[in-house]
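Notes for the one structure printed next.
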Amino acid sequence: MGSLGPALLWLKLCALTQATYKLWVPDTNFDTNTNWSQNRTPCAGDTIQFPADKMVSVLVRGSHTVADLLLPLDGELVLAPGAGFSAGHAHEGAHHDCGPGSGLPVLFRNPDRFSWLDPHLWRSGDEAPGLFSVDAERVPCVHDDVLFPPDASFRVGLGPGASPVRVRSVSALGQTFTRDEDLAAFLASRAGRLRFHGPGVLRVGSEACADPSGCECGGAETLPWVCAALLQPRGGRCPPAPCRDALRPEGQCCDLCGAVVSLTYDTAAFDLERYRARLLNTFLAQPQYRELQAAVSKVRRDAGAGIQVVLVEPAPGTGGAGRLGRALLADAAEHGVALGVLSAVLRQSGPPIGSGSVEGQVSPGSRWGIGGGLATAGLLVLLGTALLLCRAGRLRWRRPQESESQPTGVPEGFSNPMFHAATWEKQPPVQLSSPALNVDNSTCYFVNPLFAAETEA
């Protein structure tokens, strides 16, 4: 059927049901470069080796000349019209497209490396520019139709079997399975065992989503396995988010930078597809939002089902996700009744890591912590200074009872380190020539020893 076959089958599925579908992407075709150890298809005169202990079905489209062909113990080569193999010597394998590795053994990579639960390996039928899906919804959901291309060979691992994988239907090898009995019979056949493996259980028969407000994906139980498959090339670790206070939406494996708008809705008025179309055509079509990516889905929360809108920026620090999030809040406030939106809450990530602004680098909680630490440090410095001055004799204080025992009306002297002595004396009343002026007779003075000699002289 060529490349037209899958497209015709997609149209047929769309005409029969409103359910979305997921398309399986990788294959085990002989002519796919990535299926070989040297990332190229075998050249003339190469030695070809398949894993001896793996079951595999391989579709061959072209004609190939090989020096040796080592087949698996259990498998099949499906020859398309005009395809075939011929024997040749290794020295005949010199080919200008193969490079210095021509004539060396070329190994077919492990066909069991593809997992049903790996989000990288699926493509959604309702993809549109500006829209994406959270990781849990990148693999088939419970209401989805699953399509394996009829013009390609494939092999799929069904996961660890922790919980059954359930979808609406599965289409493979020109057949569409909607009942568990029919699918189980196919999986037990030789054709099924060559294409599906592992302890996981695959079931069909779910109804298409008939709720205008949308349906949950139903992948909460398998999300840990989805994340494990997604992060396996990275050793199971998420890449660090390039922003502060990063967000992790429901159904997402790793933190991201952007904003999340959480909506509560009126079940009688809200339409998920209409809201998604409004977001795409009214907001993401605007020049200031064109580089943003958005995901809209129904998720399960403690208070019940809600709508999650995830907004992701191409690079942190642009602020576009936050602006669009606030625009969606304003839109909900103005048109909430018509849209069926009851409330909206916005969360957004912080500034990019390494930004030049100190304000941007420190979160509000951190700022309070730093301020408290500085205040404590300042208090300790003051106390330490006072203690040193006290020990040096430059800072003294009196107890209250001592102060009360001193004679009132006569101030005390103080120790002056410059003059080594200080004396307070009672000064006799000063007689002024002008009787209109009167000065308090309690004025005190101290004797300065530097000038005492001159006074005596």
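Because the structure is a prediction, the values reported are computed rather than measured. Computed over heavy atoms, backbone and side chain alike; hydrogens, waters and symmetry mates excluded.
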For this session: Using the side chain to side chain contact (heavy atoms under 4.5 Å, CB included) rule, take V56 and H197 through it: C-alpha gap first, then chi angles, then the decisive distance, then the call.
Result: CA-CA 10 Å; V56 62; H197 69 96; over 6 Å; no

Shortest non-hydrogen contact between [X] and [Y], atoms and distance:
| X | Y | value |
| --- | --- | --- |
| V341 | A332 | CG1-CB, 3.9 Å |
| L158 | L202 | CD1-CB, 4.1 Å |
| W36 | V106 | CE3-CG1, 3.4 Å |
| P111 | T28 | CB-CG2, 4.5 Å |
| W116 | V139 | O-CG1, 3.9 Å |
| L194 | G75 | CD2-CA, 4.0 Å |

For this session: State, yes or no, whether a side-chain contact exists between S262 and V260 at a heavy-atom distance under 4.5 Å.
Result: yes

For this session: List the steps, then state whether side chain to side chain contact (heavy atoms under 4.5 Å, CB included) holds for E76 with V58.
Result: CA-CA 6 Å; E76 64 179 14; V58 179; over 6 Å; no

[atom1]/[X] to [atom2]/[Y] distance, rounded to the nearest 0.5 angstrom?
| X | Y | atom1 | atom2 | value |
| --- | --- | --- | --- | --- |
| L339 | F270 | CG | CZ | 8.0 Å |
| L183 | T176 | CG | OG1 | 11.5 Å |
| L187 | D182 | CG | CG | 11.0 Å |
| M55 | R195 | CE | CZ | 10.0 Å |
| Q348 | C243 | CD | SG | 10.5 Å |
| D266 | L342 | CG | CG | 5.5 Å |

When you check the side-chain N and O atoms of [X] and [Y], is any donor under 3.5 Å from an acceptor?
| X | Y | answer |
| --- | --- | --- |
| T267 | S213 | no |
| T264 | S343 | yes |
| S169 | T178 | no |
| D31 | T41 | no |

Counting distance only, does the side-chain N/O of [X] pair as donor-acceptor with the main-chain N or O of [Y] below 3.5 Å?
| X | Y | answer |
| --- | --- | --- |
| S115 | L117 | yes |
| S63 | G82 | yes |
| E313 | G319 | yes |
| D135 | C253 | yes |
| D46 | P105 | no |
| Q286 | T282 | yes |
| S349 | C257 | no |
| R234 | L231 | no |
| N35 | N29 | yes |
| T65 | A87 | no |

Exercise. Under 2.5 Å between the sulfurs of C254 and C227, yes or no?
Worked result: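 No disulfide here.
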
Problem set entry | Ring centres under 6.0 angstrom apart (W122, Y21) |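 No; Y21 has its ring centre 6.0 Å or more from that of W122.
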
Problem set entry | Check: F148 ring centre within less than 6.0 Å of F154 ring centre |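 Under 6.0 Å, so yes.
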
For this session: Begin with the C-alpha distance, continue with both residues' side-chain angles, and end with the deciding distance and a verdict on side chain to side chain contact (heavy atoms under 4.5 Å, CB included) for T222 and S163.
Result: CA-CA 7 Å; T222 59; S163 59; 3.5 Å; yes

Problem set entry | Passing option when R138 is tested against D118, L121, L230 for side chain to side chain contact (heavy atoms under 4.5 Å, CB included) | L230

Problem set entry | side chain to side chain contact (heavy atoms under 4.5 Å, CB included) between I48 and L70, worked out | CA-CA 6 Å; I48 300 174; L70 305 178; over 6 Å; no

Exercise. How are the rings of F196 and F186 set to each other: parallel, tilted or perpendicular (split at 30° and 60°)?
Worked result: perpendicular

For this session: Specify whether H64 and F30 have parallel, tilted or perpendicular ring planes, treating 30° as the upper limit for parallel and 60° as the lower limit for perpendicular.
Result: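 Because their plane-to-plane angle lies in the 30° to 60° range, the rings of H64 and F30 count as tilted.
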
Exercise. Under the salt bridge (Lys or Arg N to Asp or Glu O under 4.0 Å) criterion, do D74 and R190 qualify, and how do the steps go?
Worked result: CA-CA 10 Å; D74 194 355; R190 175 173 171 77; 2.7 Å; yes

For this session: Please say whether more than 12 non-hydrogen atoms of neighbouring residues, nucleotides or ligands are located less than 6.0 Å from CD in E291.
Result: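 At most 12 heavy atoms, drawn from other residues, nucleotides or ligands, come within 6.0 Å of this atom.
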
Problem set entry | Within 6.0 Å of CD in E207, more than 12 heavy atoms from elsewhere | no

Seminar exercise, completed: Test salt bridge (Lys or Arg N to Asp or Glu O under 4.0 Å), reference E216, set R300, K298, R301, output is R300

Is the shortest side-chain N to carboxylate O distance from [X] to [Y] below 4.0 Å?
| X | Y | result |
| --- | --- | --- |
| E221 | R166 | no |
| R278 | D331 | yes |
| R248 | D255 | yes |
| D271 | R276 | no |
| D144 | R168 | no |
| K22 | D145 | no |

